[in-house]
Amino acid sequence: MLLLTCPHCGDRDEIEFHYGGEAHVAYPEKTAELSDVEWAHYLFYRSNPKGEYAERWLHSGGCRKWFNALRDTATHEFLAFYPAGEKRPELDSGNEAAHTMGETK
């Protein structure tokens, strides 16, 4: 079982959370002017890196707030947690987040 750190509630088991997809994906400003291909690209195309990846999570079994997490997709290790709306933290060479609201794992 994974342990996630909600920036608002602290450490909790993964069963309290719902995955929300890739973080920091901007909503198109003029959706009515998008072609079908452009709209499909926004809806379905996401990066799929091996390594560090920014994700959105909802603490559905707790405070019901959205937050972001940096996770290594190869190891499933969480590297940092931070509130939604904040910039992605820069990680230093020791895999410690320069700015996190919760404990890094």
Side-chain angles (χ1 to χ4, degrees):
M1 180 173 292
L2 295 174
L3 183 67
L4 283 79
T5 303
C6 174
H8 312 286
C9 303
D11 292 346
R12 300 290 192 271
D13 289 334
E14 68 178 305
I15 60 172
E16 292 189 19
F17 299 91
H18 282 94
Y19 178 74
E22 184 174 359
H24 310 291
V25 176
Y27 190 79
E29 289 186 28
K30 298 179 181 179
T31 57
E33 297 177 10
L34 295 178
S35 69
D36 289 344
V37 171
E38 292 170 323
W39 184 245
H41 192 274
Y42 165 73
L43 290 176
F44 303 113
Y45 286 65
R46 296 293 180 259
S47 63
N48 188 19
K50 181 178 181 180
E52 188 180 301
Y53 186 61
E55 304 172 327
R56 294 171 29 107
W57 287 86
L58 173 64
H59 191 181
S60 55
C63 64
R64 302 196 53 78
K65 293 182 181 178
W66 286 96
F67 65 93
N68 296 331
L70 290 180
R71 183 175 62 86
D72 186 316
T73 59
T75 65
H76 298 293
E77 176 184 17
F78 283 96
L79 307 172
F81 299 91
Y82 55 105
E86 287 194 7
K87 289 185 178 183
R88 177 181 176 151
E90 295 293 325
L91 300 180
D92 66 20
S93 59
N95 268 350
E96 295 291 325
H99 172 70
T100 61
M101 293 297 293
E103 178 183 357
T104 57
K105 298 270 179 202

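Remember, it's a predicted structure, so these values are computed and weren't measured experimentally. Heads up: numbering here begins at 1 and tracks the sequence. These values consider heavy atoms only, across backbone and side chains, with no hydrogens, waters or symmetry-generated copies.
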* With no hydrogens and no angle check, is any side-chain donor or acceptor of E22 less than 3.5 Å from a backbone partner on S47? -> yes

* Can you tell me if T5 uses its side chain to pair, donor with acceptor, with the backbone of G10 under 3.5 Å? -> no

* Asked: Can you list the other members of the hydrophobic cluster that holds Y27, where links are side-chain heavy atoms under 4.5 angstrom apart?
  -> V25, L34, W39, Y42, L43, F44, Y45

Quick one: are [X] and [Y] in side-chain contact, heavy atoms under 4.5 Å?
X: W57; Y: Y19; value: yes
X: K87; Y: Y82; value: no
X: E86; Y: N68; value: no
X: L4; Y: E14; value: yes

* Work out which heavy atom in P89 is nearest to a heavy atom in L70; give both atom names and the distance. => O-CD1, 3.7 Å

Measure the spacing between [atom1] of [X] and [atom2] of [Y] and express it to the nearest 0.5 Å.
X: E16; Y: C6; atom1: CD; atom2: SG; answer: 9.0 Å
X: R71; Y: E55; atom1: CZ; atom2: CD; answer: 4.0 Å
X: T75; Y: K50; atom1: OG1; atom2: NZ; answer: 10.5 Å
X: E52; Y: L79; atom1: CD; atom2: CG; answer: 6.0 Å
X: H18; Y: W66; atom1: NE2; atom2: CH2; answer: 9.5 Å

* Crowding at NE2, H24 (>12 non-hydrogen neighbours, <6.0 Å) -> yes

* Residues which pass ring pair (Phe, Tyr, Trp, His ring centres under 6.0 Å) with F17, listed by chain and number, not counting sequence neighbours -> H59, F67

* side chain to side chain donor-acceptor pair (under 3.5 Å) partners of E38, counting only residues at least two apart -> S35

